[in-house]
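Here's the structure we're looking at; comments come further down.
In this chain, residues are counted from 1 in sequence order. We count ligands from 1, going down the list as the structure has it; atoms in each ligand are counted the same way. Fair warning: this is a prediction, and the values are worked out from it, not measured in the lab.
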Amino acid sequence: MNSTYYLGIYAVYVSLGAILVRLLTNRYKRGLQDIPGPGLARYSRLWKLYSVWKGNQHHVEIDLHRKYGSLVRIGPNHISVGDPSAIPIIYGLNKGFNKTSFYPIQSLTWRRQPQMNLFSTRDVSYHRVQRRNIANAYSLSSLLETESAIDSCTSIFMTQMSKFADKKTPVDLGNWLQYYAFDVVGEVTFSKKLGFLEEGRDVDNIMESIHGNLVYASLCGQIPELHNLLLGNPLVLHLLPGLESWNQVLQFTLKAINPDSPFKEDGEIHEDPESGKDMLSRWMAVHRNDPERFSTRDAIVHLSANVFAGSDTTAIALRAILYLLMCNTATMTKVVTEIDTAVSENRVSNPISYRESTTQLPYLGAVIKEALRLHPSVGMIMEREVPEAGATICGKHIPGGTTVGMNAWVVNRSENTFHDPDEFLPERWLESSPEQLKSMEQSILTFGAGSRSCIGKHISFLEMYKVIPQLLREFEIKLHDEKEWKTRNIWFVQQREMICDFVKRSELLEH
Ligand code: HEM
C-alpha cells in the first residue's frame, strides 16, 4: 500500500465527516431545531428540491400545515408560515424582511450583465425608486384608458371561439386564454397586438420559453448558489446559447417595441414612440423628464417584466374561474342568469365595460374572488429573509437570516378563516358578516402583500371582469368528455389540457 492510497482513504473519511457535521449542524440549527416538519427537510435542501421537482408543492405544503400547524420547517433554514395573522409581520411595509436569493436568478441579462427588474431585485432603494417611477402606468385609471384596445382583443377571441363552435370541434381553452392574456399585455404595454389570437399560436415560442424559465427558477431557486454554475455563468451561455431563455423574453420585448432595430449604440431608443396611453409611451415620458433617474435600460427591463409576469399569471386565473364554473353547474347557472338579467334589463353594454361588470354583476365578482382564493397563480412560499435581530412569528422567535415565507395556497385555505376551505363557495363573499368579510379579505395572498405585492393586478382584473361575462353571454362552454385538467407547480401552478366544447347560445335559444 503506498501513501497515495492512505491519502485517498483519509480524504474520503474527512469528506464524509464534513458532510455528517454539516447535516447535524443543519438538523440542530439554533432557534429552528424544535419547529416540526418532514424529517429529511431538517438535514438538507435536497428534500425541498425533490418535492418541488414532483410538481405538487402547493398541496404538499397545505398537507404539512394541516398536520403540523402554523410553522413548518421545510428546509434546514426554511420555515413555511401558514397563519394569515403573520402576513403583516413578514410582508408589512418597512418590516425589514427582504426578498431572498430565490428571486435574482429570475432576471434577464443584457450585455452579459444580469438586469434586475421590479420583481427580481433585492435592492430595497432601487425597488422603491423604480416602483415610484412606473406605478402610475399600472393604476386602474391609467389602464381604463386602454379599455377599447382590450375590447378589440376580446372581439378577436370571440370570433375565434365562434369558429370552433361552428365546426363543433373541441378547443384547448387553456391555451387560448393565454393567447388572450398575451395580446392584452401587448396592448397595454406597447399598443400592439402580439398576434397570438390572430394566428392562434404561441408566437415566437415565447410561452414555451417562459415555461422553461419557470422550471429553471423553481428548481435552481431551491439552491440558488448553483445559478453561478448554470445560467448565471457566462461561459455556459457562451457554449450553449440556446439555454438563454430569459433573453428570449428580452428579444421578444425589443421586437414588440420596434420590429427593426430599436436601439442606438448608446442604448437610447431610435425614435420615441408617439405619446400614447401604453406603458412604453408613459415610461419614455418619465425618461425624458429625468433621464438620470429613469434610463431606457430601466424602461426595457420593466417592459420585459410585463411580458414575463403578465400573461401566465392571468391565464392561470382565467382558467381557474372557468374551470371551477364548469365543474359546479349550479354556480354556472347562477352566474349566467345574473349576466342574462343584466343584459335583458339593459344594464350592461356590448361589449361589457369594466365599470358595468364590477357594479352590475356582484355574483360574478364573488365567483372571481373565490376562484382566485382556491387557485392562486403563484404556488410556492414567497421567500423573505428574517432581519438580523430576528422576529417573533406565530409566537416563536425566529433567528435573523432564516428564510421564511407564506404560500398563498396554504393561507387562502386557512381553516380558521374560511369554513369548508377546500370548497368552491362564491356565496361566502356575499353572505358573510362585515367582520368575517374583513378577516377573509386580509387572509388572501393571491397577489402577495406589502411593498412587493403585485403591481399588475388591475390588468388581470380588467381581463377577468370583461372577458368572462362576454364568453358566458355568447357561449355555453363545457368540459369535453368531462375530463379533468392537469396541473403542475413550477412556481406558478399551471394547468394543461383544459379541453372544452363551445356552443353558441344564440343557437341554443333557436332550438
Ligand atoms: C392573476 C394575475 C396575477 C397574479 C395572481 C399575480 C401575483 C403576483 C404575486 C403573488 C406577486 C408577489 C410575488 C412575491 O412577493 O414573491 C406579484 C408581483 C408582481 N407582479 Fe403580479 N400577478 C398577476 C398579474 C400580473 C400582471 C398582469 C403583471 C404585469 C403585466 C404583473 C407584474 C408583477 C410585478 C412587476 C411584480 C413585482 C412587484 C414588486 O416587487 O414591486 N403581475 N404578482
Can you find a side-chain donor-acceptor pair between Y180 and T154 that sits under 3.5 Å? yes
For R128, check salt bridge (Lys or Arg N to Asp or Glu O under 4.0 Å) against everything at least two apart and list the hits. none
Do the side chains of E441 and R373 get close enough for a salt bridge, i.e. N-O under 4.0 angstrom? no
Is it true that R282 and Y138 share a donor-acceptor pair across their side chains at a distance under 3.5 Å? no
Can you list every protein residue that has a heavy atom under 4.0 Å from any atom of ligand 1, sorted by chain and residue number? K99, Y103, L118, F119, H127, R131, N306, A309, G310, T313, T314, A317, S377, V378, M382, R384, T446, F447, G448, S451, R452, S453, C454, I455, G456, I459, S460, M464
Residues two or more places apart in sequence or in another chain: which of them pass salt bridge (Lys or Arg N to Asp or Glu O under 4.0 Å) with D312? none
Excluding sequence neighbours, so at least two apart, what forms salt bridge (Lys or Arg N to Asp or Glu O under 4.0 Å) with E187? K193
